[in-house]
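This report refers to the structure that appears directly beneath it.
All values reported here derive from a predicted model rather than from experimental measurement. Numbers for residues simply follow the sequence, beginning at 1. Keep in mind that the numbers below use all heavy atoms, side chains included, and drop hydrogens, waters and symmetry copies.
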Amino acid sequence: MINAVQVNVNERPKVISIEDDLDEYQRIVGGFIDFIQIDDDEDVNVIINDEGKLMGLDINKLIYHNNDLIDVLVGNLLVVGVDNLTGNVVDLPKEKIDYYMNYFDSPYIRI
């Protein structure tokens with residue numbers, strides 16, 4: 001089991017404990033998955049629905065850089081730890097859980 005932060009559309013982020021399993025990730029985001037990095041923290045990725053925009057999923061977060069809208073995250077998201085040596089999904093440490101709970105508690109993200 002790994003600890004992660006789940007960010008559902010129109011809900012506050014929550015900490016969940018899940019199996020490190022592709023089917024579980026797909027269930028949470030509602031389809032095929034992709035991993036994205038949204039800030040300088042290389043040990044953390046966000047799992048998104050790879051086809052979410054094409055499917056017309058609801059907007060979850062707006063991403064801004066220097067007050068310019070640069071991207072939109074749609075559908076449910078899952079914030080996970082990543083071992084950069086192996087590429088494996090790992091437990092999100094407590095201090096990062098606290099940080100990302102706050103980071104995703106707004107309708108927009110500034111990078």
Does D98 come within less than 4.0 Å of K94, counting only side-chain N to carboxylate O? yes
Flag for D43-N84: side-chain donor and acceptor within less than 3.5 Å: yes
With the side chain counted from C-beta on, respond yes when L73 and I36 share a heavy-atom pair under 4.5 Å apart, and no when they do not. yes
Transitively linked via ILVMFWY side-chain contacts under 4.5 Å: I59 with L69? yes
Are more than 12 heavy atoms, taken from residues, nucleotides or ligands other than D105, located less than 6.0 Å from that residue's CG atom? yes
Same apolar cluster (I L V M F W Y, side chains within < 4.5 Å links), I16/F35: yes
Would you mind checking if K53 and D71 are paired as a salt bridge, meaning a charged N to carboxylate O distance below 4.0 Å? yes
Check step by step if side-chain contact (heavy atoms from CB on, under 4.5 Å) holds for V82 and N88. CA-CA 6 Å; V82 175; N88 293 335; over 6 Å; no
I2 and V90, any side-chain heavy atoms less than 4.5 Å apart: no
Verify the distance criterion only: is there a donor paired with an acceptor across the side chains of D41 and Y103 at less than 3.5 Å? no
What I'd like to find out is whether the side chain of Y100 reaches to under 4.5 Å of the side chain of V46, using heavy atoms alone. no
To the nearest 0.5 Å, what is the distance between CG on N49 and CG on L78? 12.5 Å
Distance from R12 atom CZ to S106 atom OG, nearest 0.5 Å? 11.0 Å
Under the 3.5 angstrom rule, does the side chain of K61 hit a backbone N or O of F104 as a donor-acceptor pair? yes
Residues, nucleotides or ligands: over 12 heavy atoms within 6.0 Å of N10 CG: no
Checking side chain to side chain contact (heavy atoms under 4.5 Å, CB included) against L57, which of V74, V29, N76, V9 comes through? V74
Nearest-0.5 Å distance, CG of residue L77 to CD1 of residue I47: 10.0 Å
What pair of heavy atoms forms the shortest contact from I97 to V15, and how long is it? CG2-CG2, 3.4 Å
Under 3.5 Å, is there a donor-acceptor pair between the side chain of N60 and the main chain of G75? yes
Would you say D21's side chain and D23's backbone share a donor-acceptor pair under 3.5 angstrom? yes
Side chain proximity check, D50 to I33, heavy atoms < 4.5 angstrom: no
Roughly how far apart are I28 CD1 and I48 CD1, rounded to 0.5 Å? 14.5 Å
When rounded to the nearest 0.5 Å, the distance separating NE2 of H65 from CD1 of I63 is 12.0 Å
Flag, side chain of D83 to backbone of L85, donor-acceptor distance under 3.5 Å: yes
Gap separating the CG atom of L92 from the CG atom of N45, nearest 0.5 angstrom: 10.5 Å
When you compare the side chains of Q37 and D39, does any donor N or O come within less than 3.5 Å of an acceptor on the partner? no
Shortest non-hydrogen separation from A4 to V80 and the atoms involved: CB-CG1, 4.0 Å
If you apply the rule side-chain contact (heavy atoms from CB on, under 4.5 Å), what do you find for K96 with V5, and how did you get there? CA-CA 10 Å; K96 293 193 181 200; V5 174; over 6 Å; no
Are V79 and Y99 linked, directly or through other ILVMFWY residues, by side chains that come within less than 4.5 angstrom of each other? yes
